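These notes concern the structure reproduced below.
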Amino acid sequence: MFNYSEYLREEKLPHIWCPGCGHGIVTKSLIRAVDKAGWDKDKIVLVSGIGCASRLPGYIDVNTLHTAHGRALAFATGIKLARPDMHVIVVSGDGDGLAIGGNHFIHACRRNIDITTIIFNNGIYGMTGGQYSPTTAYGDKTSTSPFGNMEPNFDVVDISIGAGATFVARGTSYHVPQLDNYIYKALTHKGFSVVDVAEACFTTHGRKNKNKYKTNIDMLKWQKDHAVPRSKADALTDEERENAIITGIFKDSVRPEFTERYDELIKQLKTKGE
Amino acid sequence: MADTKREFKVNRYENDKCELFIRPELCKGCEVCVAFCPTQALTLDTKNKICAAEYMEKCIACSMCEVRCPDFAIYIVKKEKSPGETKK
Amino acid sequence: MSKQEKFEFIQGNLACAKGAAYAGCDFFGGYPITPSTEIAEFMSGYLPKKGGKFIQMEDEISSIGSIIGASLVGKKAMTATSGPGFSLMQELLGYACIAEVPIVIVDIMRGGPSTGLPTAPAQSDLQQAKWGTHGDHPVIALIPNSVEEMFTETVRAFNLAEYFRTPVIVLGDEIIGHMREKIRIPEPGELQIVNRTRPSTAAPETDLVTTPYHALGNDPATLPKFGKSRIHVTGLNHDITGFPTSDSEMVGDLNTRIIAKIYEQRDIVDNFQLLEVEDAEILVLAVGSASRAAEEAVLELREQGVKAGLFRPITLWPFPKAEFRKYAKHAKWIVVPEMNLGQLKVVAERFVKLEKVVPINLVNGEPLNPELIISTIKRLV
């Protein structure tokens, strides 16, 4: 049995997430990964924006910061640069992290600052009742796409790699042991790391798409049936690829880390000054 | 912040492989554990809370329920294999 | 001069940055924008030499976001911008207000609205500094009118932010920011430097560790920095433990306390200049670079036998209303020269009969000049 209470503010439970919401599953995965990393709780800062997933820090017994919509990475960058010795983790939804927060996301990737960002990617704005987001499937019904989502979505993994993140992985809330491993690798990676977690929201999204999902269980099964490991992704037909969740580690490289280079500059200036 | 632990009621079940603990106050009846338990050892009780009273003997201590539960409502403690028992 | 006093002939923006350094600023997060960029440029070279941190973020929103983060781990953090950037910073300015995070925001005002006149002076962000962000919130805004005050008021801004645990705004403008004047650099230790009070986290059982937002009376809350305390900070309305609440009593307490903590201790925050006000029949109310022209006009008018005086708030918000009313009461006219369409005038009108207030509004990008004030007053006399 894993002792979650070591990391939980138990008096805050039960949490606010709906029955069967994936956020709780991913939270436990994050807790197990943090535990495996063996970090001192006083040195961990868990930062979030606004949205369902962003309520996560309130339940975790580390330094927690619930910022404004889309701005978690801006605050987190300030914290990490000011205190490189602290472990900074950002949890954010697909809307919070990639829509309103998109600009900060790509620049955090570019800087390669040592922060781990976990995107709770359920392809919907859940907190506000189920509007489509930048990762909502084309054609899905949502409260702001009553005739089916007409906007193409984009791929968090591609964006992260394109913007310069040095560790990028995608898992799902169904494949939990794999997810534990990806989050652990991201946490222990030095540089900007992204874990895109394919997840599901039945309350505001699943129920509006009865053709695809009857229950929250179906949404988890959907992840199980549509997950395709990277290695097999090339064999997918375009039609299959449309609904596929391609999992795996897509990037694991080394580049100078932002705060480390800054500390080196400080050292150089100090010695030059003497 | 100092963690002021709050005690939740715990229902305990047991078989030769493990002890199984359920905290009904945290269970929201989402049935994820029921759906993904490989041996259908779990059911929802009349109050829509998870319960293992009926089929605990089916439980094989695989901890899928603990791992998949979104609400920290169910967890197991595996029993140590008694030394004499050979690993299948 | 007993010992060799240090004088410099420097630009206002540079004086502001040196003032921040003097106050102990060790984190700057900003974004280039005329006419404030020189502040960021100085900081980018100065901070790493002192072991501090500088970062140019991707926009003004992340600039203020980064300094709030840095402040929460114990840094004295600032940003500098101008109108367009200041507009982008408003939401998180409100966040720093409710979460009670000390930061300093320098707004070097320029012609507005929108892109406006990037290299021309204006004073048209005065009300934005007070009401720019949504909701009732505390605000401290200081408005220097010289290169020396860009130094000393920035030091005071940090002290007030640290003491009150709230954001403090320094309102320069293109003139004050770009002009050069001789200033004396204070000796280390000469100006008081305030650091935020820490709850005694040594004894974890003290309630202040579990109730970081527990303020004694109207004193600011002494929430600890991130670390051993493992506190929770949020922009949601929260109770004394820092966790979200919608309990009406606690919500009411927080919303009033974060403002009262400043208004109950006016002696700490107030600052203004009085010039020939005792017997002034015509009281000029002016701030920032407009007050330089007003000062010139008052002295000139006095020489011509006109009883003019100048009341100059240096702490603009909260407005020094008691002192203003004291001198405005017996004045026949209140003349308010400003480089906007009456943002200070409407404040004056709250405290005196409307007919007494005479606005002088210059909004064409040119600096206010003494002659405009003198000729207006001459017509009144």
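The shown structure was predicted, so the numbers you read here are calculated from the model rather than taken from an experiment. Chain identifiers are assigned alphabetically (A, B, ...) following the order of the sequence lines, protein sequences preceding nucleic acid strands; residue numbering begins at 1 within each chain.
- When each of C:P48, C:A70, C:G74 is scored by its heavy-atom pairs under 4.5 Å with chain A, the top score falls to C:P48.
- Note that OG1 of A:T135 and CD of A:E151 are 11.5 Å apart. Values are rounded to the nearest 0.5 Å.
- Minimum interatomic distance between A:S54 and A:H66 (heavy atoms only, all atoms of both residues): O-CD2, 3.3 Å.
- Per-residue counts of heavy-atom pairs under 4.5 Å with chain C were compared for A:N103, A:L46, A:T77, A:L73; the largest is that of A:N103.
- Residue A:L81 touches chain C through both its backbone and its side chain, counting heavy-atom pairs closer than 4.5 Å.
- Within the cation-pi definition used here (under 6.0 Å to the ring centroid, within 45° of the axis), A:K28 does not qualify as a partner of A:F2.
- Using a 3.5 Å distance cut-off with no hydrogens or angles, the side chains of C:S82 and C:S36 do not pair a donor with an acceptor.
- Note: C:G69 leads C:G235, C:P244, C:G69, C:G94 in heavy-atom pairs under 4.5 Å with chain A.
- Of the atoms belonging to C:K75, it is side-chain heavy atoms, and not backbone ones, that fall under 4.5 Å from chain A.
- Among A:I50, A:L269, A:L65, the residue making the largest number of heavy-atom pairs under 4.5 Å with chain C is A:L65.
- Heavy-atom distances place both the backbone and the side chain of C:E58 under 4.5 Å from chain A.
- Neither the backbone nor the side chain of C:I67 comes within contact range of chain A; no heavy atom of the residue lies under 4.5 Å from a heavy atom of that chain.
- The two residues A:A68 and C:E91 come nearest to each other via the heavy atoms CB-OE2, 3.6 Å.
- Heavy-atom pairs under 4.5 Å with chain A peak, among C:I64, C:I61, C:L47, at C:I61.
- Counting heavy-atom pairs closer than 4.5 Å to chain C, the top-ranked of the candidates A:H104, A:K270, A:K43, A:M86 is A:H104.
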### Query
How far apart are the C-alpha atoms of A:R9 and A:E11, what are their side-chain angles, what is the distance that settles it, and do they pass the salt bridge (Lys or Arg N to Asp or Glu O under 4.0 Å) test?
CA-CA 6 Å; A:R9 291 167 169 152; A:E11 70 288 358; 5.6 Å; no
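- Counting heavy-atom pairs under 4.5 Å between each of A:R83, A:R111, A:R110 and chain C puts A:R111 at the top.
- Interface remark: C:L236 contributes side-chain atoms only to the contact with chain A (heavy atom separation under 4.5 Å).
- The aromatic rings of A:H23 and A:F120 sit perpendicular, their planes meeting at an angle over 60°, well past the 30° parallel limit.
- Proximity to chain C (any heavy atom under 4.5 Å) is shown, for A:I79, by both the backbone and the side chain.
- Of all the listed residues (A:K272, A:Q268, A:R55), the one sharing the greatest number of non-hydrogen pairs under 4.5 Å with chain C is A:R55.
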### Query
Which is it for A:T136 and A:N153 under the side chain to side chain donor-acceptor pair (under 3.5 Å) test, yes or no, and what are the steps along the way?
CA-CA 6 Å; A:T136 302; A:N153 52 49; over 6 Å; no
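- Between chain C and the residues A:V47, A:I266, A:I60, the most heavy-atom pairs under 4.5 angstrom are made by A:I266.
- Using a 4.5 Å cut-off between heavy atoms, A:D263 touches chain C through its side chain atoms alone.
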### Message
Go through it in stages, so that I can follow the logic: the residues are C:K50 and C:D26, the test is salt bridge (Lys or Arg N to Asp or Glu O under 4.0 Å), and I'd like the CA-CA distance, side-chain angles, deciding distance and then a yes or no.
### Response
CA-CA 8 Å; C:K50 294 288 183 238; C:D26 47 10; over 6 Å; no
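- With a threshold of 4.5 angstrom between heavy atoms, C:F27 approaches chain A through side-chain atoms but not through N, CA, C or O.
- A:Y59 and A:W17 have their aromatic ring centers within a separation under 6.0 angstrom.
- Relative ring orientation between A:H69 and A:Y125 is described as perpendicular, the plane-to-plane angle rising above 60° on a 0-90° scale split at 30° and 60°.
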